[in-house]
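Working notes, beginning with the structure itself.
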Amino acid sequence: MTMCRKNVFMTLVLVFALIAVGAYAGGQGEGADQPKVIRVSHTLAPDSHYNQGLMYMKELVEERSNGSVRMELFHSAQLGSERDVVEGVSLGTIEATLTSTGPLPNFTNAFMVFDLPFIVQDLDKAYAWMDGPEGERILRSLEPAGIKGLGIWENGFRNLTNSRRFVQEPSDMQGLRIRLMENVIHVATFETLGARAVPMAFGELFTALQQRTVDGQENPLVIIDTSSFYEVQDYLSLTGHFYSPAVLLINLDFWNNTLSAEEREIVAQAEREARTWQRNFSREGQAELRRKLEAEGMEVAEVDPQLWFEAVQPVYDQFADEVGRDAIESFVTAQQ
Ligand code: EAX
């Protein structure tokens, strides 16, 4: 099968699978006393920051709605890759997902500002910007696709790992095959660094590293830990080159027409509290994680971020129009 046909086929398989699960959940949802079920899909492990934050939110929602709204969590890409599941949320075959910004440029340019390398310099100020009117504008841009953005959570600063060599300077990247999210800015950034960019869904990554189809990958420390990448990667470089938010998305029609006004308020309030909790959880323990990964045998390189920032400058020129110069300026200024 050609790539394109294969993708169409996989999407159809997923849509049918989700309809089957949906019919089951929908069947359960009928009748006055049956809870409304929000199925939330994500790609990470059960002990990841995504799953922990969602469990925190689930508890608040179920308690405050007296069980009229239930959240069912599906971790480890059980319901599909981020790209497939965001499409599912748009179509209404699944209610919700917590996703990186990787696949979002397929729907709107508005999230691309987060994909630029080194765009986040002051995390607290960046949170305030994301939680304010600019973040609201970005989340709203998904509404024409039938998606409501509930809030911007955290994946974290992404760091590079590989199995070939100690990488400290941008020139060390030459020729390394690095798995990236299926995201144009991320791909362009690593090509600018001289790497061979290999876009791939997260669910295929561990095997690709193990079989050495790729030399390396980049993700926050928490993911390198909870997905056991340290078992198949010897070198870790603390590049922090991208800041990766995690966006909580829900089907717009489900939000507007299945949930009552009171239930929407409960979910929105729980989301705000869980967002703060999840960001704190994600930020804490970075030093501990580094020690743990070292203890697992990874050799850790500290890098000079300025050198790396300079090396990827062409990416800003390349994407300024598509991302929007105003958005870039607003985000950068907000952090000064
Ligand atoms: O959203 O694909 C990735 O590397 C992401 O960091 C992961 O799926 C979490």
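For the numbers below, each heavy atom of this structure counts, side chains included, while hydrogens, waters and symmetry mates do not. Whatever order the structure lists ligands and atoms in, that order sets their numbers, starting from 1. None of these values were measured; they are calculated from a predicted model.
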Show which side-chain atoms of residues 185-198 pair as donor or acceptor with protein atoms under 3.5 Å away, not counting sequence neighbours.
{"unit_1": "Thr189", "atom_1": "OG1", "unit_2": "Ile185", "atom_2": "O", "d": "2.7"}
{"unit_1": "Thr192", "atom_1": "OG1", "unit_2": "Ala188", "atom_2": "O", "d": "2.8"}

| request: Can you sort out the partners of Tyr243 under side chain to side chain contact (heavy atoms under 4.5 Å, CB included), two or more places apart, ordered by chain and number? | output: Val120, Leu123, Tyr127, Met130, Glu154, Phe157, Pro245
| message | Less than 4.0 angstrom from a charged side-chain N to a carboxylate O is my criterion; do Arg64 and Glu265 meet it? | response | no
Which N or O atoms of ligand 1 sit under 3.5 Å from a protein N or O, and how far apart is each pair?
{"unit_1": "ligand 1", "atom_1": "1 (O)", "unit_2": "Tyr50", "atom_2": "OH", "d": "2.7"}
{"unit_1": "ligand 1", "atom_1": "1 (O)", "unit_2": "Glu82", "atom_2": "OE2", "d": "2.5"}
{"unit_1": "ligand 1", "atom_1": "2 (O)", "unit_2": "Arg179", "atom_2": "NH2", "d": "2.9"}
{"unit_1": "ligand 1", "atom_1": "4 (O)", "unit_2": "Arg158", "atom_2": "NH2", "d": "2.9"}
{"unit_1": "ligand 1", "atom_1": "4 (O)", "unit_2": "Arg179", "atom_2": "NH1", "d": "2.8"}
{"unit_1": "ligand 1", "atom_1": "4 (O)", "unit_2": "Asn219", "atom_2": "OD1", "d": "3.3"}
{"unit_1": "ligand 1", "atom_1": "4 (O)", "unit_2": "Asn219", "atom_2": "ND2", "d": "3.1"}
{"unit_1": "ligand 1", "atom_1": "6 (O)", "unit_2": "Asn155", "atom_2": "ND2", "d": "3.0"}
{"unit_1": "ligand 1", "atom_1": "6 (O)", "unit_2": "Arg158", "atom_2": "NH1", "d": "3.1"}
{"unit_1": "ligand 1", "atom_1": "6 (O)", "unit_2": "Arg158", "atom_2": "NH2", "d": "3.4"}
{"unit_1": "ligand 1", "atom_1": "6 (O)", "unit_2": "Asn219", "atom_2": "OD1", "d": "2.7"}
{"unit_1": "ligand 1", "atom_1": "8 (O)", "unit_2": "Thr43", "atom_2": "OG1", "d": "2.9"}
{"unit_1": "ligand 1", "atom_1": "8 (O)", "unit_2": "Glu82", "atom_2": "OE2", "d": "3.3"}

| field | Residues in ring pair (Phe, Tyr, Trp, His ring centres under 6.0 Å) contact with Phe319, at least two apart in sequence or another chain | value | none
| task | Quick one: sort the Tyr56 and Trp277 rings into parallel, tilted or perpendicular, breaks at 30° and 60°. | result | parallel
| request: Verify, without hydrogens or angle tests, whether Asn51 (side chain) and Ser48 (backbone) share a donor-acceptor contact under 3.5 angstrom. | output: no
